[in-house]
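Structure, as structure tokens:
What's counted below: heavy atoms across the whole structure, side chains too, no hydrogens, waters or symmetry copies. In the text below, chain A, chain B and the rest are named by the order of the sequence lines, each starting its count at 1.
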Number of protein chains: 2
Amino acid sequence: MELKPARKKFIQTWGALGSQWGINKTMAQIHALLMVSHEPISMEDIMEELHISRGNASMNLRALMDWGIVYKEYKAGERREFFTAEKDLDELAVKISRERSRREIKPALKVLKEVSVVEGDSAEEKHFSEQTKKLYDFVLKADNVLDRITEYKDNWLTQLMIKFIK
Amino acid sequence: MELKPARKKFIQTWGALGSQWGINKTMAQIHALLMVSHEPISMEDIMEELHISRGNASMNLRALMDWGIVYKEYKAGERREFFTAEKDLDELAVKISRERSRREIKPALKVLKEVSVVEGDSAEEKHFSEQTKKLYDFVLKADNVLDRITEYKDNWLTQLMIKFIK
DNA sequence: ATTATCTTTCAATATTTTTTGAAAGTTTAA
DNA sequence: TTAAACTTTCAAAAAATATTGAAAGATAAT
């Protein structure tokens, strides 16, 4: 396969995957582009390759940097800023997990805890309280697991366990 | 806390969480409503509680059933259909993981495999091929881990390992 | 201090996604 | 077979989300 179409296809796919998981398409595409680039890229080049406006590029690069998965780089003697992506995938996964946990899971957990204190004797009230308590425990555990996904992934004992469970 | 506002708050939160993860708000809300209900609910009641149209309710219930996490129930002597949610959270997680894997991850893996065969001697081509190969391996492993999230979660050895890794 | 180069911001616009509601479809009962 | 009770479908409308582009904001060179 040729580089150009392969790159294009990869960027499209990564963008689509992103939007299915609540990350905007352009953000995921910029990230994809940077991940497969062997050297830092300027905003101008990102705009050109993805056919997007300056504003769009700027805003999404900012967002990616807020997630801690894209970095600014300065080249000596260059006025422009260049960008690179976190290329260590374990590091990438850890950062994404941490951020999603902080932004989305933790607040949801807080609410689950709040609402699960419903008291009362009716079947309705009992069931509500029980179910939300279970959800709290479950989400809490899942959150921990996600946070440690790479540690699991690469642990030999775990690998063994996977085979065992299978 | 009172049941009514607690239930409302839970449904709102679950809906918001859903949309942040690429599941539409109403779908997540219907699911939330059914999860905390101690008995099956009719479409009419769902429409009323969530203030949504008949069409919306019908389509999202269909989607939830396609995911395998909501079931139809028939009550003796009743013409209407009633709905319940999968309430076993482990089962819920397994089904969601399986579906997302099948619909989103597997197709992405296929593309990753396709594009990673790029050949050539330039640094650009080499880097592209290496990086997409790494991504393929990583996503494949992560997919397997997700698929087994509950097995991990409840395994005592793993629990011990979490503490150990910490 | 002025200009040139580059980045950010944000109101307006465009696009995508979701929702509505009425017509068509289905199933059961009379 | 007709009607009643309910569900599904889908084109149109609404809502939510993303994108643009030009003006304002930085920063460095002259």
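Between chain A and DNA chain D, the heavy-atom contact criterion of under 4.0 Å yields a 5' to 3' nucleotide range of D:dA18 to D:dA28.
A heavy atom lying under 4.0 Å from DNA chain D marks none of the residues of residues 64-74 of chain A. Near DNA chain C, defined here as any heavy-atom distance below 4.0 Å, the residues from residues 41-58 of chain B are B:H51, B:I52, B:S53, B:G55, B:N56, listed numerically.
If you check the side chains of A:S101 and A:D143, you find a donor sitting under 3.5 Å from an acceptor.
The side chain to side chain donor-acceptor pair (under 3.5 Å) test applied to A:S58 returns no partner, not counting sequence neighbours. When the side-chain contact (heavy atoms from CB on, under 4.5 Å) test is applied to B:V111, the partners found at least two apart in sequence or on another chain are A:K9, A:T13, B:V115. With sequence neighbours excluded, the residues satisfying side-chain contact (heavy atoms from CB on, under 4.5 Å) with A:R103 are A:D66, A:W67, A:E99. Applying the side-chain contact (heavy atoms from CB on, under 4.5 Å) criterion to A:L92, with sequence neighbours excluded, gives A:H31, A:M35, A:I69, A:E86, A:L89, A:I96. Contacts of B:E78 classified as side-chain contact (heavy atoms from CB on, under 4.5 Å), with partners at least two apart in sequence or in another chain: B:K75, B:R80, B:F82.
The 5' end of DNA chain C is approached more closely, in terms of each residue's nearest nucleotide, by A:R80 than by the other of A:M59 and A:R80.
With rounding to whole Å, B:Q29 atom CD is found 13 Å from C:dT19 atom C1'. Residue A:E81 contributes atom CD, which lies 11 Å from atom P of C:dC6 at whole-angstrom precision. Between A:K25 atom NZ and C:dT15 atom C1' there is a gap of 9 Å when expressed in whole angstrom units. For the pair A:F83 CZ and C:dC6 P, the interatomic distance rounds to 13 Å; values are reported in whole Å.
Taken to the nearest 0.5 Å, the CD1 atom of A:I30 stands 15.0 Å off from the CH2 atom of A:W14. Expressed to the nearest 0.5 Å, how far CE of A:M27 lies from CG of A:L64 amounts to 4.5 Å.
Annotation: side chain of A:L34 is not in contact with side chain of A:T84 (no heavy-atom distance under 4.5 Å). Side-chain contact between A:K8 and A:E2: absent, with no pair of heavy atoms (C-beta onward) separated by less than 4.5 Å.
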Strictly under 3.5 Å: I want the nitrogen or oxygen pairs between protein and nucleotides 24-28 of chain C, one per line.
residue, atom, partner, partner atom, Å
C:dT27, O2, B:R79, NH2, 2.4

Report all side-chain donor-acceptor pairs from residues 43-53 of chain A shorter than 3.5 Å, counting only partners two or more places apart or in another chain.
residue, atom, partner, partner atom, Å
A:E44, OE1, A:R54, NH2, 3.2
A:E44, OE2, A:R54, NH2, 3.3
A:S53, OG, A:N56, N, 3.2

Atom pairs and distances, donor-acceptor, side-chain atoms in residues 116-124 of chain A, under 3.5 Å, two or more places apart:
residue, atom, partner, partner atom, Å
A:S116, OG, A:L112, O, 3.3
A:S116, OG, A:K113, O, 3.0
A:S122, OG, A:E125, N, 3.0
A:S122, OG, A:E125, OE1, 2.9
A:E124, OE2, B:R7, NH2, 3.1

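For residues 12-29 of chain B, the set of pairs meeting the salt bridge (charged side-chain N to carboxylate O under 4.0 Å, His left out) definition, not counting sequence neighbours, is empty.
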